Amino acid sequence: MNCIDNINGETKIYGVMGYPIAHSFSPVIHNTLANLLKYDMIYIPFKVEKNGLESAIKGAYNLNIKGINITIPHKQEVIKHIYKIDKFAKQIGAVNTLKYDKKGYKGFNTDFYGIKSCFDLREISLKNKEVVLIGAGGASKAVAIMLAANEVKKIWIINRTLKNADSIAQNVKKYYNVDIEIIGYNEIYKIQRADICIQTTSIGMSPNIQNTPIDDNNFYDKIDIAVDIIFNPWKTKFLEKAEQSGCKIINGFDMLYFQGLKSFEIWWDINIPDNLKFQAQGILENYYKDKLL
Ligand code: ATR
């Protein structure tokens, strides 16, 4: 994974802006893809605090930085500083990818594609499916728009703070005509059956690996596919319980990898061939799992 030996005046620079940024996995994803594809580029993490965003973006543009990922806490604020925005990023109200364009950066939301890829890869169609969405934070916003855009039949949003779930539902309904029901954790008995459950809260993330948003085993018997956006631990308690009930389970690593891959494809205007896509995924999975031990 050493790409700095070949840096020269032609090397294209990419990066990620956020705060904190020290633990970002994005540099490893992009530099691995660059090495496999033999592209002359380098991807660097940039620590940018809240009040430094505007000047950082202007500076990046003037430095001819071709693409930038945007992460916490800037995904919403960044919209003010770009000149064009992709349709789904606009609907979600958050941007995580900037692409250099003639007059400024264009913004995209590749979290949308990251979560969609989890289903595409397994040839799971979302059309007419009934989906339970746990959580109503930033990730849930992107997932809800993705589900509605792919014509699911119904979305239940379960959240501790109902008004946060309501604001996600209101936002989705501005763009899509989809049935959404909001429920509290004490009302999950209302769900008789669902095809898919997507867990988007931080509950169960290391070091709190004994926690799960839903403890009741009966719930897991009612769903077929369980997705957790957490990837540390590799298998959360939520996924363990789902697996014990016979569900197909998907952890958050696919979403992380495929949102990165989509940014890369947008920047270079390419479709990475499947063999390289999965080769890089294997390398990154092993690299990441080693770090977990
Ligand atoms: P973001 O995804 O924007 O970073 P977050 O603050 O991490 O947001 O919260 C994401 C989700 O995790 C929210 O649904 C949050 O519930 P609230 O809307 O009620 O705050 C949920 N969440 C985080 N910790 C939780 C906890 N201990 N119990 C229940 N829900 C929790």
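Only a predicted model underlies this, so the values are computations on that prediction, with no experimental measurement involved. Counting convention: from 1, in listed order, for ligands and their atoms alike.
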Exercise for review: May I ask which of Gly135, Ser202, Ala142, Pro73 has a heavy atom nearer to atom 24 (N) of ligand 1 than the others do?
Suggested key: Ser202
Check your understanding: Looking only at side chains, do Lys235 and Asn251 share a donor and an acceptor under 3.5 Å apart?
Key -> no
**Study point:** Check: Tyr176/Gln91 side-chain N/O donor and acceptor closer than 3.5 Å
**Key:** yes
Check your understanding: So is there a nitrogen or oxygen of Asn164 less than 3.5 Å from a nitrogen or oxygen in ligand 1?
Key -> yes
Point to revise | Connected via hydrophobic side-chain network under 4.5 Å: Ile70 and Tyr105 | key: yes
Review point. What residue and heavy atom of the protein are closest to atom 20 (O) of ligand 1, and at what distance?
Key: Arg160 NH2, 2.9 Å
Revision key, fill the gap. Which of Asp228, Ile249, Thr212, Ile203 passes side-chain contact (heavy atoms from CB on, under 4.5 Å) with Thr236? Answer is Asp228
Study note, to complete from the structure: In this structure, atom 29 (C) of ligand 1 is nearest to the protein heavy atom Ile203 CD1, 3.4 Å
Review point. Side-chain donor-acceptor pair under 3.5 Å between Asn69 and Tyr43, yes or no?
Key: yes
Study note, to complete from the structure: When distances are taken from atom 19 (O) of ligand 1, the protein heavy atom at minimum range is Thr161 OG1, 2.5 Å
**Study point:** Derivation of the salt bridge (Lys or Arg N to Asp or Glu O under 4.0 Å) call for Arg193 and Asp195
**Key:** CA-CA 7 Å; Arg193 211 206 79 76; Asp195 299 288; 2.5 Å; yes
Point to revise | Under-4.0 Å heavy-atom contact between protein and atom 27 (N) of ligand 1 | key: yes
Check your understanding: Heavy-atom count around Asn64 CG within 6.0 Å, excluding the residue itself: above 12?
Key -> yes
Practice item. Measure from atom 11 (C) of ligand 1 to every heavy atom in Asn211, Ile229, Thr201 and give the option owning the shortest one. Key: Thr201
Check your understanding: Sub-3.5 Å donor-acceptor pair from the side chain of Lys129 to the main-chain atoms of Ile196, do we have one?
Key -> no
Study note, to complete from the structure: shortest atom 9 (O) of ligand 1-to-protein heavy-atom contact is with Gly137 CA, 4.4 Å
**Study point:** Atoms of ligand 1 close to Ala136 [distance to a heavy atom under 4.0 angstrom, numbered from 1]
**Key:** 13 (C), 14 (O)
Check your understanding: Any chance the side chains of Lys173 and Asn171 put a donor and an acceptor closer than 3.5 Å?
Key -> no
**Study point:** Top protein contact for atom 2 (O) of ligand 1, by heavy-atom distance
**Key:** Gly138 N, 3.0 Å
Practice item. List the closest protein heavy-atom neighbour of atom 16 (O) of ligand 1: residue, atom name, distance to the nearest 0.1 Å. Key: Asn159 OD1, 3.3 Å
Review point. Side chain, backbone, both or neither: which part of Ile72 has a heavy atom under 4.0 Å from ligand 1?
Key: neither
Check your understanding: Do any non-hydrogen protein atoms sit less than 4.0 Å from atom 6 (O) of ligand 1?
Key -> no
